[in-house]
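Take a look at the structure set out below.
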Amino acid sequence: MALAMAMRRAAALGARHILAACASPSSRVVPRCHMSADAGAAMEKIRAAGLLRTQGLIGGQWVDAYDGRTIEVQNPATGEVLANVSCMGSRETSDAIASAHSTFYSWSKLTASERSKALRKWYDLIISHKEELALLMTLEQGKPMKEALGEVNYGASFIEYFAEEAKRIYGDIIPQSLSDRRLLVLKQPVGVVGAITPWNFPLAMITRKVGPALACGCTVVVKPSEFTPLTALAAADLALQAGIPAGTLNVVMGNAPEIGDALLQSTQVRKITFTGSTAVGKKLMAGSANTVKKVSLELGGNAPCIVFDDADIDVAVKGSLAAKFRNSGQTCVCANRILVQEGIYEKFASAFVMAVQSLQVGNGLEESTSQGPLINEAAVQKVEKFINDATSKGANIMLGGKRHSLGMTFYEPTIVGNVSNDMLLFREEVFGPVAPLVPFKTEEEAIHMANDTNAGLAAYIFTKSIPRSWRVSEALEYGLVGVNEGLISTEVAPFGGVKQSGLGREGSKYGVDEYLELKYICMGNLN
Ligand code: NAP
């Protein structure tokens with residue numbers, strides 16, 4: 001436990017990526033005895049289903065780190081150690097790449113229908129283990145069970161969707177420019193994919209990448225976040241059970257920069273797909289240049305949520321609440337700035353305060369909980385820094401504004417009034433349960449404020465005017481816009497950002513393009 005706390009502290013101080021954070025081989029135990037009754041029962045259920053995996057997956061084999069090191073996975077709600085997982089680095093990653101590379105030929109040569117069937121089976125297994133996967137997610141990430149179950153459905157939907165889409169990857173025949181020629185376009189899998197994912201959606205950020213990659217005939221090396229590897233490993237176990245061949249899907253976790261460098265340096269890895277912070281995304285993009293890899297990036301946001309005078313107040317409150325407080329504010333599409341027109345500001349603010357007051361903070365395993373803890377101490381300190389910055393510049397706390405009495409990394413759902421564009425709360429992603437209210441006068445001003453950022457992922461508007469819905473949606477420099485709706489992600493629509501929020505799209509029919517190369521074939525002398 002002392003080691004757990006020391007590592008948590010190291011994490012809080014930002015020293016996450018040093019191998020020293022990995023424990024020595026002797027500490028490799030799954031400590032059943034230190035767990036609370038609820039967590040212990042949940043872990044037993046997961047263990048009984050055979051889904052408590054702690055080793056990496058390379059070439060269909062569950063393997064320890066080659067030096068035996070491990071890393072602790074902790075429950076952010078309690079600090080208890082859930083498991084010790086393999087702490088891997090460059091050697092294991094190189095082997096995972098080699099395994100994905102040697103499997104690529106056979107996987108890509110299967111018919112689309114065969115790949116589709118395997119994916120469909122994986123989907124069925126995820127759905128039939130919904131509860132165990134949701135429990136794992138709540139335990140290692142902190143989100144309430146209801147949200148975790150929602151994420152299992154959402155995550156599984158990408159596997160189901162791309163199982164279907166696998167059969168619809170058509171090429172083209174182009175009308176020829178010379179009569180003795182025929183011009184064809186083939187769509188072929190890009191090759192081995194390196195997929196690096198964050199902790200806030202431990203399942204869905206993986207399936208949104210792996211689903212289309214496998215559907216296209218690519219093979220994958222996944223690196224989940226060190227905070228949430230258990231869900232990823234359980235999902236990979238289900239993939240093996242579904243008959244997805246050994247080596248097609250590999251999982252390594254541990255030393256992020258080492259794993260990242262191994263993926264970047266390999267000429268066998270032809271594509272990097274990343275979801276996470278903008279800072280790491282930029283590093284991966286730069287690192288991909290040397291081997292000219294295809295890159296897709298789903299990065300941070302700074303979502304404006306614009307409430308106009310003519311909005312339906314109930315719809316606006318409900319939508320803003322959902323857009324802001326899901327996963328305790330830890331999503332890339334969370335409303336980061338709620339811009340409210342002056343004529344409705346007071347009315348909206350008091351209705352919003354009432355709604356936010358009803359949120360129940362607690363351990364995600366408790367049924368009444370709607371707000372779990374933040375992922376770690378560093379996340380809470382970031383929220384505190386942003387709140388201090390705002391209040392020192394004239395903003396007022398309307399609700400919350402401090403750590404929750406539950407301790408650990410729980411933070412009170414917070415509303416801050418009169419936020420302006422010189423404050424961190426306006427300029428950067430807070431990634432916590434803090435809703436900044438920013439007053440504005442005109443539509444033009446709202447659009448200007450909304451676009452006054454380098455981010456461009458999600459934006460929301462609330463208005464009853466149809467012309468305004470169109471005008472503002474078109475003027476917003478964002479990849480996703482919700483009109484009178486706060487929850488807009490779905491497997492059937494393209495997800496992704498513009499500006500520094502990323503490159504490429506995930507989900508939908510557009511999502512497969514990220515894993516395909518076009519090949520033009522000119523057949524000549526046909527007369
Ligand atoms: P992060 O620190 O960038 O981590 C994301 C992943 O990158 C983790 O697996 C991490 O590993 C890994 N990583 C860190 N440094 C690396 C390096 N040098 N080389 C290779 N991999 C490296 O982001 P996060 O804190 O987990 O996630 C929060 C961020 O993700 C927010 O900014 C959020 O907006 C963004 N996000 C975006 C989307 C989207 O679709 N646009 C969706 C969800 C989240 P370790 O965890 O093991 O260190």
Side-chain angles (χ1 to χ4, degrees), residues 7 10-11 14-19 21-22 71-73 85-90 93 140-141 151 154-155 158 194-206 208-209 221-229 231-232 251-265 269 272-288 296-303 326-327 329-336 374-376 378-379 382 428-432 454-458 478-480 488-489 494-507 511:
M7 284 184 59
R16 285 164 35 179
H17 302 314
I18 45 174
L19 253 185
C22 295
I71 196 161
E72 291 180 341
V73 181
V85 301
S86 308
C87 183
M88 298 175 145
S90 48
T93 308
E140 66 177 351
Q141 199 271 335
E151 184 180 339
Y154 177 58
F158 290 104
I196 303 176
T197 57
W199 48 264
N200 61 346
F201 288 94
L203 180 69
M205 295 305 100
I206 292 176
R208 204 161 76 174
K209 298 176 186 315
V221 177
V222 174
K223 194 216 87 63
S225 166
E226 65 178 300
F227 297 118
T228 56
T231 309
V251 184
V252 289
M253 64 272 158
N255 186 319
E258 262 198 34
I259 295 171
D261 284 350
L263 290 169
L264 292 173
Q265 283 160 18
V269 175
I272 292 287
T273 171
F274 171 74
T275 298
S277 62
T278 305
V280 173
K282 286 179 181 177
K283 273 192 208 162
L284 296 174
M285 191 174 174
S288 295
S296 7
L297 304 170
E298 297 285 353
L299 308 178
N302 180 0
R326 190 161 61 117
N327 204 6
Q330 302 172 110
T331 87
C332 50
V333 292
C334 268
N336 201 53
L374 298 193
I375 191 68
N376 58 20
K382 181 179 180 190
E428 292 177 29
E429 201 181 22
V430 63
F431 234 58
N454 285 328
L457 187 58
Y478 287 83
L480 324 166
I488 60 174
S489 304
F495 187 105
V498 301
K499 292 158 86 176
Q500 293 184 27
S501 284
L503 288 177
R505 292 295 178 270
E506 293 192 330

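Both ligands and their constituent atoms are indexed starting at 1 by order of listing.
- Each of the atoms 43 (C), 44 (C) of ligand 1 lies under 4.0 Å from some heavy atom of Asn200.
- When all heavy atoms of Leu457 and Ser501 are compared, the closest pair comes out as N-OG, 3.3 Å.
- The side-chain contact (heavy atoms from CB on, under 4.5 Å) test with Pro198 singles out one residue from Ile375, Val280, Thr275, and that residue is Thr275.
- Per-residue contacts place Leu457 under 4.0 angstrom from the following atoms of ligand 1 (heavy atoms of the residue considered): 41 (N).
- Any N or O atom pair closer than 3.5 Å counts here, and Glu226 shares at least one such pair with ligand 1.
- Two residues are said to be in side-chain contact when any heavy atoms from C-beta on lie closer than 4.5 Å; Leu374 and Lys382 fail this criterion.
- Across the listed options Leu299, Ile272, Asn376, Leu299 owns the non-hydrogen atom lying nearest to atom 41 (N) of ligand 1.
- For the side-chain hydrogen bond (donor to acceptor under 3.5 Å, both in side chains) test, residues two or more places apart in sequence or in another chain that qualify with Ser90 are Glu258.
- By the 4.5 Å heavy-atom criterion applied to side chains, Leu263 and Ile272 are counted as neighbours.
- Within ligand 1, counting atoms from 1 as listed, the ones closer than 4.0 Å to a heavy atom of Arg208 are 40 (O).
- For atom 30 (O) of ligand 1, the candidate residues are Gly276, Pro257, Gly301, Gly281; the nearest heavy-atom contact is made by Gly276.
- The distance from the OG1 atom of Thr197 to the CZ atom of Phe274 is 9.0 Å, given to the nearest 0.5 Å.
- With a 4.0 Å heavy-atom cut-off, ligand 1 is reached by the backbone of Thr197 but not by any atom from C-beta on.
- Put simply, the side chain of Arg208 reaches to within 4.5 Å of the side chain of Tyr154, judged on heavy atoms.
- No N or O atom of Ser501 sits closer than 3.5 Å to an N or O atom of ligand 1.
- For the pair Lys223/Met88, no side-chain contact is recorded, criterion being any heavy-atom separation below 4.5 Å from C-beta on.
- The shortest heavy-atom distance from Trp199 to ligand 1 is under 4.0 Å.
- The parts of Thr275 lying near ligand 1 are both backbone and side chain, judged by heavy-atom distances below 4.0 Å.
- For Lys499, the salt bridge (Lys or Arg N to Asp or Glu O under 4.0 Å) partners at least two apart in sequence or on another chain are Glu477.
- Of all the heavy atoms of Glu428, none lies under 4.0 Å from any atom of ligand 1, so neither backbone nor side chain is involved.
- Considering backbone and side-chain N/O of Thr331, none are found under 3.5 Å from N/O of ligand 1.
- Contacts with ligand 1 closer than 4.0 Å are made by no heavy atom of Met253, backbone or side chain.
- Atoms of ligand 1 lying under 4.0 Å from any heavy atom of Glu429, numbered from 1 in the order shown and given with element: 31 (C), 32 (O), 33 (C), 34 (O).
- Contact annotation: for Phe431 versus ligand 1, heavy atoms closer than 4.0 Å belong to the side chain alone.
- A donor-acceptor contact under 3.5 angstrom links the side chains of Thr231 and Glu140, judged on distance only.
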